[in-house]
Each structure stands twice: as C-alpha cells, then as structure tokens.
Visitor: 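Right, I'll just put the structure down here and ask away after.
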Amino acid sequence: MTGGGGRRKMRFQQIEQQPEQVISMTVRTRFAPSPTGQVHIGNIRAAIYNWLFARHHGGRFLLRIEDTDRVRSTDEAVQAVLEALTWLGLEADEPPVYQSRQQAAHRAAAEQLLSSGRAYRAAKGEAGQGEVVLFRMPDHALEFTDEIKGPLRKAAADMQDFVLVRSDGTPVFHLANVVDDVAMGITHVIRGDDHIENTYRHVALYQALGAPLPRFAHLPMIVNAQGKPYSKRDGAAYVGDFRSRGFLADALFNYLVLLGWSPGDDREIMSRAEMIADFSLERVQSKAAQFDERKLAWFNGQYVRALPLATRVAACADVLRAHGIEAEPTYLAQVVDLLAERLQFITDIPTQAAYFFTEDYPVDAKAVRKRLGTAEARERLAEARAALAAAPGFTAPELEEVVRELAERRAVSVGVYIHPLRVAASGSAAGPGLFDMLAVLGRERVLARVDRSLAEPSA
RNA sequence: GACCCCAUCGUCUAGGCAGGUCCAGGACACCAGGUUUUCAUCCUGGUAACACGGGUUCGAAUCCCGUUGGGGUCGCCA
C-alpha cells in the first residue's frame, strides 16, 4: 500500500460522511490539549495544521482545554498552552472552552444514551468500585474515510464496549470529547494518528447521539532518530524548550509545517499567507516524520537574517540584558549590523560578540598562539598599531587604507597584519571584517587591547 | 498476541490517484571548488533513495498480491 495516491483514489469508492459542500460550510477546527504539562512539539504541529486548515477555508480555529483529569491538570499547564499558542501566533477565534465546565452536558448525553439503550450500567472491574456507564458498541463494522489515511474500517469483533462514565460519575475522554466537539460545531477533527483506534468509538458515539459526523484527519507522529516517538530525552521536545533555546517562532512554525506537509513545489521558506493559501490535508504525509534539529537551525538562521535590523537589535538587547549587559542602542545597532550573516541564533550574541561590550571577553588561546605567538607576529602587530594610531580618522576605509599601505610598503601580504590585529582586538580568529570591526570598537578600545597584547609575555 | 497504520537519498520531501517526459527533482546535512583578511553568508559542483519478491502491462517509483521491516492501539489517562 503506497501513501497518498492509493488513498485518494479509494476515497471515492466510499460513502462520504458528509456531503461535499461541507467545505463551503463554515469550517471549524479545534486544538484540544490536556493541560498536564508542557506543550509537546507533536501536539503543537497538530495545532498548526488545525489553524492552517481553518484559515485556508475561511473558518474558525478553536481551543478546548481538556482538563477533566483533575489530578494531573494544572493551571500552570493551561498557562503554558496559552503562551505557546500566543508565541506562535495561533490565537483561537473564540474564547477557550474548558472541558471541566461542560460536565452537565456530558452527563446529559450519558442519560440520553442510557435511555435510548445505547449505554448501560454495570459493575466493571474490581469489586467495590461501584457502577460505571458503558457504551454499547454496534454489532456491525464501523468505517470512516480519513482525510489523510483514506478509508478505514474496523470489524465489530475487534471492538468492545467501553466506559463512558466512571463510577465516581465523571465522564471519560471519549464521551467528553465527542459531546464537546458536537457542542462546538467542530467540522474537522485533525489530530495525531494515535487516535485512530479511538475514532471508531467516536464515530459510534456520534451516530448514537444523532449528531452529524465531522471529517477526521489523522496526522502521523513525529519521531526521533531511532524512529521512536519524540520525547524530552531527544533534546528540546516542548514548545517552551525551543523558545528558550533561541528559536524564532516563525522558524519553528515554518519547519513544523514542512514536517509532514509540502506545498507540492520546491518552496521551503514560506510566509504564513502562502501557507494558508496552499495548505490542504491532501498533501499531508501519511508516514511518521523524523525531527531534524539541524534543519530547524537552518530555518532559524534564515529567519534571523530576514529580521528587520531594528527588530534584531531589540531582540539582541533583550538577550544581552538577560546576561547583565546593558548596551547603548546606537552602538548595539552597529554591532548587530556587523554580525548580520553570522548570527544563526539571537541567543548567540552574548558569546559571539562579548568583546564588543566588555574587556572581560573570552580569548582563544589557540588563536593567540597561532597569530601572536611569534616574535615576528608581535613585531607586525606593533607596526600595525603605529599605523592605526596614525590614521587620520578611525573609520573602516581609513583604517583599511593605512594597513594596506603599510603592507605594501613592507611588501608583505596584508593578512600578515590583519590576523594578529584581529586576535589582539577581539580574542578570536573568527569574526566580521576586521576594519569594520575595529571602527565599531573605536580607537581607544582597540589601541588599549593591542597594547595589552604587546605587553603580555610571548609564548 | 489481536486489530490497525506506514514504507523514495542519512533526514524532510516532489513524483504515485490520470503507468512512459524519473537511469527519480528540491531542501537540510556532508564533501569539493569559488568569493573573502578569518569565520559566517553567498555561488558552483558532487556523493546519496524508489525495502524485498511476485504479478498486470509493450512499459511500474507509480496499479495488484505477498513478504520483511517499522509504528500505533488494546485503561474507570487524555
């Protein structure tokens, strides 16, 4: 059985759950996390697809907090969900629905099922736990056409009755989920494919409740390098992890959208508008996708570089401030502009550009040995120092002119001066163009650092 | 174990529903070269895949069957 092709062909041999016009009706999708912890990367991708699908069809994207597990659900987790959605720009179109507040409706549905004979009371499991309400599964096979997987079918013999209401009177996931989806008018249920088995039960529930069936789309999982479900042990697994590690929301969004979906052409970097315009469940992959943080990092670099300078400067200022560095805005803007192509993460700024802000910057010992380790190198550095000091002004073109002139005069490659100067002025062998860097650093700082280098005992 | 899902470069994928134009295209990563004072960016080139076996067909990555491999589900969790 091969992916998309087969499933799309077969779809039309099946009876549709809803008329084709469904798409022209108002599409309503929802993200329904259970607030028991941080928001997992796989869940947020489901949220993204729900959002994109709703936007594509001019419909609505809703949020439902499935907090019926009172023991494990926490307010902090609810906050985490809200923050993750806001950060990624996935605002819901209506106020969030809290499942725990819908219990009256859940109970009413159970009563309805009880009186119609589709559910029954029974003492199940260990003695002493009391009575539960069980749903009576139909005695015929159940089938539905998944928007991603194609026609799916389950024989009656492979399905058992299941609990709808616990012995303590609280509704179980299946009941609450379906009742709420009906109440919220959800037309398309887009969720992880670990829910496929549940869907048969849900289909039976919708039918028993006399509610119209939504369309279902089951997304494949996100797996790690071992092909196992992606978890915290595989590095960043939660939305908050990515955020704190310096990933941009747009970069993560773009990467995640493409992890399991493609526009059908060669585009990689896409705007939200493009994604919305082109998104379709038909093009969602049906096999699990392996998370590749290196590609995510590449996306991040692309997005960081595309940031307007002012935005990048502000973001860098925040990161620096968190590191106890208060940078003067104009100066910082020069530094950030200088580092433009070299920043893949905004959070790299403190380590990558420390020497711009403090005299206590890290020094690469290896670079010092290589570029300042010989008597000759130090002599060249001294010559360069004199040239810099004699420069008419301390702008990049002026500095470049005096140093190149010096090299010409001594008939040596200009690199002979550049490399020692770079290490003496920044402590590093890598960095922006030397003359621009020196100009931004300023005469005083540069000369002082060079003098300090010259004063240190040679290796 | 039962039931279900999945299978194109190392990874994400295009192509598959309408079989030939695919000795399989793009991106990340990797390798080489170029640009450059370094690093990064950027540019050029390269290595690299249709899981296997049958079948249908003049012709299969594309259709069918099977095998193998991977995954999911079998809770008074969600």
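In what follows, chains are A, B, ... by sequence order, proteins preceding strands, each numbered from 1. This is a predicted model, so every value here is computed, not measured.
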Visitor: In whole angstrom, give me the gap between the C1' atoms of G72(B) and G15(B).
Guide: 28 Å

Visitor: Arg305(A) or Arg422(A): which one's nearest nucleotide on RNA chain B is closer to the 5' end?
Guide: Arg422(A)

Visitor: Identify the nucleotide, in any strand shown, that forms a Watson-Crick or G-U wobble pair with G33(B), with both distances under 3.5 Å; if there is none, say none.
Guide: C43(B)

Visitor: What residues in residues 100-114 of chain A put a non-hydrogen atom under 4.0 Å from any atom of RNA chain B?
Guide: none

Visitor: Sort out the partner of C74(B) for me: Watson-Crick or G-U wobble, both distances under 3.5 Å, none otherwise.
Guide: G1(B)

Visitor: Does a side-chain N or O from Arg166(A) land closer than 4.0 Å to OP1 or OP2 of A78(B), or not?
Guide: yes

Visitor: I want to know whether His218(A) and His195(A) have ring centres closer than 6.0 Å.
Guide: no

Visitor: Would you mind telling me which of C76(B), A78(B), U38(B) lies closest to the side-chain atoms of Thr68(A)?
Guide: A78(B)

Visitor: Under 3.5 Å, side chain of Asp181(A) to main-chain N/O of Ile186(A), donor-acceptor pair present?
Guide: no

Visitor: Could you check whether any side-chain N or O of His188(A) sits under 3.5 Å from a backbone N or O of Thr29(A), counting only pairs where one atom can act as donor and the other as acceptor?
Guide: no

Visitor: Counting only distance, no hydrogens or angles, is the base of A78(B) paired donor-acceptor with the side chain of Asn198(A) under 3.5 Å?
Guide: yes

Visitor: Do Thr36(A) and Thr74(A) have side-chain heavy atoms sitting under 4.5 Å apart?
Guide: no

Visitor: Rounding to the closest angstrom, what is the interatomic distance between G26(B) and G46(B) at atom C1'?
Guide: 16 Å

Visitor: Tell me whether the guanidinium CZ or amine NZ of Arg245(A) lies under 6.0 angstrom from the six-membered ring centre of Phe247(A) and within 45° of its axis.
Guide: no

Visitor: Do the ring centers of Phe162(A) and Tyr120(A) come within less than 6.0 Å of each other?
Guide: no

Visitor: Where do Phe242(A) and Phe291(A) land on the ring pair (Phe, Tyr, Trp, His ring centres under 6.0 Å) test, with the steps shown first?
Guide: CA-CA 13 Å; Phe242(A) 291 96; Phe291(A) 196 87; 5.7 Å; yes

Visitor: Do Arg305(A) and Tyr303(A) form a cation-pi contact, if we require the NZ or CZ to be under 6.0 Å from the six-membered ring centre and within 45 degrees of the ring's axis?
Guide: no

Visitor: What contact category does His174(A) fall into here, base, sugar-phosphate, or nothing, at under 4.0 angstrom with non-hydrogen atoms?
Guide: base

Visitor: Sticking with atom P, work out how far U37(B) lies from C30(B), rounded to a whole angstrom.
Guide: 25 Å

Visitor: Please measure how far the P atom in A60(B) lies from the corresponding atom in A24(B), and state the result in whole Å.
Guide: 16 Å

Visitor: Within the structure shown, what part of the strands sits under 4.0 Å from Gly431(A) by heavy-atom distance: base, sugar-phosphate, or nothing?
Guide: base

Visitor: Over all strands shown, is Val132(A) touching base, sugar-phosphate only, or nothing at heavy-atom distances under 4.0 angstrom?
Guide: base

Visitor: Of the options C12(B), A14(B), A78(B), whose atoms approach the side-chain atoms of Arg283(A) most closely?
Guide: A14(B)

Visitor: With sugar-phosphate meaning primed atoms plus P, OP1 and OP2, does Pro229(A) contact a base, only sugar-phosphate, or nothing at under 4.0 Å between heavy atoms?
Guide: sugar-phosphate

Visitor: What is the distance from CG of Leu296(A) to C1' of C12(B), rounded to the nearest Å?
Guide: 12 Å

Visitor: Using 0.5 Å steps for rounding, measure from the CG atom of Leu281(A) to the NE2 atom of His56(A).
Guide: 9.5 Å

Visitor: Are any of Lys370(A)'s side-chain N or O atoms less than 4.0 Å away from OP1 or OP2 of U38(B)?
Guide: no

Visitor: P atom, U73(B) versus U11(B): distance in rounded Å?
Guide: 23 Å

Visitor: Mind calculating the distance between CG (Leu343(A)) and C1' (C39(B)) to the nearest angstrom?
Guide: 13 Å

Visitor: Determine the interatomic distance between P on C50(B) and the same-named atom on U35(B); round to the nearest Å.
Guide: 37 Å

Visitor: Report all interatomic pairs (protein N or O, nucleotide N or O of nucleotides 66-68 of chain B) with separations under 3.5 Å.
Guide:
none

Visitor: Per the atom types in the model, does the base of A27(B) pair as donor or acceptor with the side chain of Lys295(A) at under 3.5 Å?
Guide: yes

Visitor: Check whether any side-chain N or O of Lys287(A) sits under 3.5 Å from a backbone N or O of Pro220(A) as a donor-acceptor pair, and report yes or no.
Guide: no

Visitor: For Asp250(A), is there any backbone N or O sitting under 3.5 Å from a side-chain donor or acceptor partner on Asn254(A)?
Guide: no

Visitor: Given that both distances must come in under 3.5 Å, which nucleotide forms a Watson-Crick or G-U wobble pair with A49(B)?
Guide: none

Visitor: Considering every strand and a 4.0 Å limit on heavy-atom distances, what is the contact class for Gly260(A): base, sugar-phosphate, or nothing?
Guide: sugar-phosphate

Visitor: Searching all strands shown, indicate the nucleotide that pairs with G10(B) (Watson-Crick or G-U wobble; both distances under 3.5 Å).
Guide: C28(B)

Visitor: Nearest to the side chain of Arg342(A), which nucleotide is it out of A40(B), U37(B), C28(B)?
Guide: A40(B)

Visitor: Set out, line by line, the N/O atom pairs under 3.5 Å between protein and nucleotides 1-5 of chain B.
Guide:
residue : atom : partner   : partner atom : Å
C3(B)   : O2'  : Lys154(A) : NZ           : 2.5
C5(B)   : O2'  : Lys149(A) : NZ           : 3.2

Visitor: Taking atom C1' in both A14(B) and U56(B), compute the distance separating them and give it to the nearest angstrom.
Guide: 26 Å

Visitor: Base, sugar-phosphate or nothing for Glu293(A)? Non-hydrogen atoms, less than 4.0 Å.
Guide: nothing

Visitor: Base, sugar-phosphate alone, or nothing: which one does Leu434(A) contact when heavy atoms must sit under 4.0 Å apart?
Guide: base

Visitor: Run the numbers on Glu408(A) and Arg404(A) for salt bridge (charged side-chain N to carboxylate O under 4.0 Å, His left out), then give the verdict.
Guide: CA-CA 6 Å; Glu408(A) 216 169 298; Arg404(A) 283 195 188 280; over 6 Å; no

Visitor: Within the structure shown, what part of the strands sits under 4.0 Å from Ser262(A) by heavy-atom distance: base, sugar-phosphate, or nothing?
Guide: sugar-phosphate

Visitor: Measuring from the side chain of Val172(A) (C-beta onward, heavy atoms only), which nucleotide among U37(B), C12(B), C76(B) has the closest atom?
Guide: C76(B)

Visitor: Which of the following nucleotides, A78(B), U37(B), C76(B), is nearest to the side chain of Phe435(A)?
Guide: U37(B)

Visitor: Taking the cut-offs as 6.0 angstrom to the six-membered ring centre and 45 degrees off its axis, would you call Arg272(A) and Phe253(A) a cation-pi pair?
Guide: yes

Visitor: Would you indicate, yes or no, if A14(B) has its OP1 or OP2 atom less than 4.0 angstrom from a side-chain nitrogen or oxygen of Gln285(A)?
Guide: yes

Visitor: At what distance, to the nearest 0.5 angstrom, does CG of Leu164(A) lie from CG of Leu175(A)?
Guide: 4.5 Å

Visitor: In whole angstroms, how far is the C1' atom of U11(B) from the CD atom of Glu268(A)?
Guide: 12 Å

Visitor: Looking at the side chain of Asp292(A), which of U41(B), U11(B), G70(B) is the nearest nucleotide?
Guide: U11(B)

Visitor: Are Tyr49(A) and Trp261(A) an aromatic pair by the rule of ring centers under 6.0 Å?
Guide: no

Visitor: Base, sugar-phosphate, or nothing: which does Arg267(A) touch, judged by heavy atoms less than 4.0 Å apart?
Guide: nothing

Visitor: Counting any heavy atom closer than 4.0 Å, what does Gln290(A) reach on the DNA or RNA strands: base, sugar-phosphate only, or nothing?
Guide: sugar-phosphate

Visitor: Would you mind telling me which of A78(B), U37(B), U13(B) lies closest to the side-chain atoms of Ala289(A)?
Guide: U13(B)

Visitor: Indicate, with yes or no, if the rings of Phe144(A) and His202(A) have centres closer together than 6.0 Å.
Guide: no

Visitor: Suppose you measure atom C1' in C9(B) against the same atom in G25(B); what distance do you get, rounded to whole Å?
Guide: 11 Å

Visitor: Base, sugar-phosphate alone, or nothing: which one does Arg404(A) contact when heavy atoms must sit under 4.0 Å apart?
Guide: sugar-phosphate

